[in-house]
Amino acid sequence: MVGLRTMLVHLKSVEKSWQPQDFLPDPTSPDEFTKQVKELRERAKEIPDDYFVMLVGDMITEEALPTYQSMFNTTDGIRDETCSSLTSWATWVRGWTAEENRHGDLLNKYLYLSGRVDMKQIEKTVQYLIGFGMDIQTENNPYLGFIYTSFQERATFISHGDTARLAKQYGDTSLAEICVGLASDEKRHETVYTMIMEKLFEVDPDGSLVAFADMMKKKIAMPAHWIYDGRDDDLFRHFSAVAQRLGVYTTKDYGDTLECLVDRWNVEKISTGLSGEGRKAQDYVCGLAPKLEGWRKELREGPSK
């Protein structure tokens with residue numbers, strides 16, 4: 001498996017990491033704090049409601065972090081039995097959790113200060129989501145887990161990058177900087193998970209391909225797929241529709257992410273060490289992205305005659 005130094009070089013030390021307060025009004029200076037909050041609110045007033053729907057969804061997803069670490073610690077062969085293990089994986093996952101924890105903190109505080117959202121309803125939604133947990137169908141299988149996180153970290157990198165682009169477009173460069181900070185973390189995390197799978201493809205191409213096909217047949221569900229606010233039973237579907245409409249995370253991004261991982265892991269070029277099941281999995285995965293593109297085209301243009 002990937003060695004300790006190789007993994008941990010992609011974690012930043014606490015002292016070198018950005019913190020939420022770096023992007024927010026300074027509460028230790030009452031006069032400046034009031035002024036900075038007023039400026040933040042003035043900028044936020046110009047941003048469309050749909051954008052805040054996306055930002056709230058992103059924040060709630062990040063706030064459900066306890067579920068994600070719990071999921072990893074149920075995974076066969078890599079779980080942290082003591083919650084203080086010094087193995088490379090355990091050290092990585094605690095560091096990853098600590099880095100990700102800042103994302104929810106930052107977005108939560110920004111949204112609170114913006115005055116644009118119903119914070120109590122958001123807080124209830126976070127509590128519901130953590131209480132419900134999630135089922136991403138990785139079955140305690142590390143292969144499935146690493147494929148899922150490779151896909152998911154890239155998806156969040158894209159999503160935060162697009163919210164940064166839109167914030168800048170709406171004239172709020174400070175909010176754009178916040179989203180860029182989140183995206184940069186997700187990119188580093190993506191690097192580690194794809195690197196782990198790259199090694200697994202080297203040592204066990206057959207098992208890796210079968211797992212890849214299995215995960216894609218199930219479809220990669222976002223961590224907040226059980227999101228609920230106490231009112232809307234279809235909240236995640238409605239959130240996804242807004243994301244698609246704004247171009248923050250779309251069906252095209254889903255297909256592009258799949259193609260990126262197929263290329264990164266050289267899936268098409270694997271020619272040895274495959275069983276019959278492995279070759280079927282290879283054909284399925286390599287043929288999936290063109291199918292997705294065909295479905296997208298049909299959605300745009302209608303079925304061909």
Side-chain angles (χ1 to χ4, degrees), residues 8-49 51-69 83-84 91-130 153 156-157 159-189 224 229 248:
L8 298 192
V9 72
H10 295 285
L11 285 176
K12 287 189 175 182
S13 71
V14 174
E15 297 305 322
K16 291 183 178 179
S17 295
W18 61 260
Q19 297 300 332
Q21 190 53 53
D22 295 331
F23 298 95
L24 297 167
D26 181 5
T28 63
S29 175
D31 292 339
E32 279 300 304
F33 179 73
T34 302
K35 176 185 173 184
Q36 291 168 7
V37 170
K38 184 177 180 181
E39 291 171 350
L40 184 154
R41 289 188 168 217
E42 284 298 315
R43 293 192 301 269
K45 277 167 52 177
E46 304 303 316
I47 299 175
D49 289 344
Y51 182 89
F52 275 94
V53 170
M54 283 307 310
L55 213 57
V56 167
D58 287 347
M59 183 272 279
I60 291 170
T61 301
E62 298 282 5
E63 291 279 50
L65 194 62
T67 301
Y68 314 147
Q69 187 174 14
C83 294
S84 59
T91 303
W92 160 261
V93 82
R94 290 196 304 270
W96 168 79
T97 301
E99 288 195 348
E100 291 277 352
N101 185 65
R102 300 167 306 148
H103 298 183
D105 282 351
L106 175 52
L107 291 176
N108 193 313
K109 290 172 183 175
Y110 170 83
L111 289 167
Y112 171 78
L113 293 172
S114 76
R116 288 289 306 273
V117 299
D118 182 343
M119 286 304 299
K120 183 172 181 178
Q121 196 63 29
I122 288 172
E123 289 158 358
K124 288 168 61 178
T125 306
V126 172
Q127 187 173 351
Y128 272 122
L129 186 57
I130 295 174
E153 292 290 346
T156 50
F157 162 67
S159 177
H160 288 311
D162 283 336
T163 54
R165 172 182 55 80
L166 287 173
K168 188 175 181 180
Q169 182 179 310
Y170 298 141
D172 193 338
T173 56
S174 296
L175 179 55
E177 288 178 6
I178 287 174
C179 298
V180 166
L182 305 183
S184 65
D185 278 358
E186 305 293 5
K187 186 62 178 174
R188 283 188 293 107
H189 301 160
D229 62 354
V248 169

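The first residue of the sequence shown is numbered 1, and numbering continues consecutively from there.
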(message) Regarding K120 and E123, does a basic nitrogen lie under 4.0 Å from an acidic carboxylate oxygen?
(response)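 Between E123 and K120 there is no salt bridge, as every charged N stays at least 4.0 Å from the carboxylate O atoms.
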(message) Any salt bridge linking D185 with R188? Criterion: basic side-chain nitrogen under 4.0 Å from a carboxylate oxygen.
(response)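 The answer is yes: the pair qualifies as a salt bridge.
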Rounded distance (nearest 0.5 Å) linking atom [atom1] of [X] with atom [atom2] of [Y]:
{"X": "E100", "Y": "E186", "atom1": "CD", "atom2": "CD", "answer": "4.0 Å"}
{"X": "K168", "Y": "E177", "atom1": "NZ", "atom2": "CD", "answer": "10.0 Å"}
{"X": "W18", "Y": "I178", "atom1": "CH2", "atom2": "CD1", "answer": "8.5 Å"}
{"X": "Y68", "Y": "T97", "atom1": "OH", "atom2": "OG1", "answer": "11.5 Å"}
{"X": "H160", "Y": "H103", "atom1": "NE2", "atom2": "NE2", "answer": "6.5 Å"}

Short question: side chain of [X], backbone of [Y] - any donor-acceptor pair under 3.5 Å?
{"X": "S114", "Y": "L111", "answer": "yes"}
{"X": "Q36", "Y": "D26", "answer": "yes"}
{"X": "Y170", "Y": "E46", "answer": "no"}

(message) Going by the rule ring pair (Phe, Tyr, Trp, His ring centres under 6.0 Å), which residues pair with F157 if we only count those two or more places apart in sequence or in a different chain?
(response)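 Once residues adjacent in sequence are excluded, F157 has no partner under the ring pair (Phe, Tyr, Trp, His ring centres under 6.0 Å) criterion.
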(message) Consider side chain to side chain contact (heavy atoms under 4.5 Å, CB included). Of I47, I60, L107, V117, which one does L55 pass it with?
(response)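 Answer after filtering I47, I60, L107, V117: L107.
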